[in-house]
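Quantities reported herein were computed from a predicted structural model and do not represent experimental measurements.
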Amino acid sequence: MSMQIDYLRVALSLALCLGLGVAAIFLLRSRFRGLSVGPARDLALLESLRVDPRTAVHVLAYGNERLLLTTRDNAVHVTLLPTGAGPHAPEPTAAPQDAEAAPARHDARDGAPAP
């Protein structure tokens with residue numbers, strides 16, 4: 001009994017396996033693009049909020065600082081948040097002096113954060 005190897009079938013099988021492996025690598029890289037495997041860094045994304053399809057707001061921590069990034073289309077607006085600002089900041093004990101004045105209105109369509 002003579003056994004012959006079909007080299008074309010072996011080459012096609014190898015090409016198929018390599019193609020599936022490359023496709024899996026690209027899929028995994030695009031899925032986990034933002035994850036970092038290296039050492040911890042000083043920059044961290046704390047929160048993100050999509051305001052509308054073209055506008056997003058992000059809160060970043062860099063060292064002891066907090067940054068507010070507003071992105072709209074191709075523009076980025078950066079605001080340094082005051083120390084102690086955030087969800088765990090202590091409540092102010094004294095009422096603002098001008099508490100009866102109407103709050104300032106902000107138009108979120110321009111992409112800039114409220115003052």
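Between Arg50 and Pro53, the shortest heavy-atom distance links the atoms NH1-O, 3.5 Å. Nearest heavy atom pair, residue Arg72 against residue Asp52, reads NH1-OD2, 3.8 Å.
Leu20 pairs by the side chain to side chain contact (heavy atoms under 4.5 Å, CB included) definition with Leu16, not counting sequence neighbours. Residues forming a side-chain hydrogen bond (donor to acceptor under 3.5 Å, both in side chains) with Ser48 (at least two apart in sequence, or on another chain): His58. Contacts of Asp73 classified as side-chain hydrogen bond (donor to acceptor under 3.5 Å, both in side chains), with partners at least two apart in sequence or in another chain: Arg54.
Using a 4.5 Å heavy-atom threshold, the side chains of Thr79 and Leu67 count as separate.
A side-chain contact (heavy atoms from CB on, under 4.5 Å) with Leu60 is found for exactly one of Val78, Leu69, Leu68, Leu46, namely Leu69.
Atom CG of Leu12 is separated from atom SG of Cys17 by 11.0 Å, given to the nearest 0.5 angstrom.
In the hydrophobic clustering (ILVMFWY side chains linked at under 4.5 Å, chained through shared members), Ile5 is joined by Tyr7, Val10. Other residues sharing the hydrophobic cluster of Leu27, ordered by chain and number and joined by side-chain separations under 4.5 Å: none, the residue standing alone.
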Inset, instruction - Go through the steps for Val57 and Val51 under the test side-chain contact (heavy atoms from CB on, under 4.5 Å), then give the verdict. - result: CA-CA 7 Å; Val57 178; Val51 178; 3.7 Å; yes
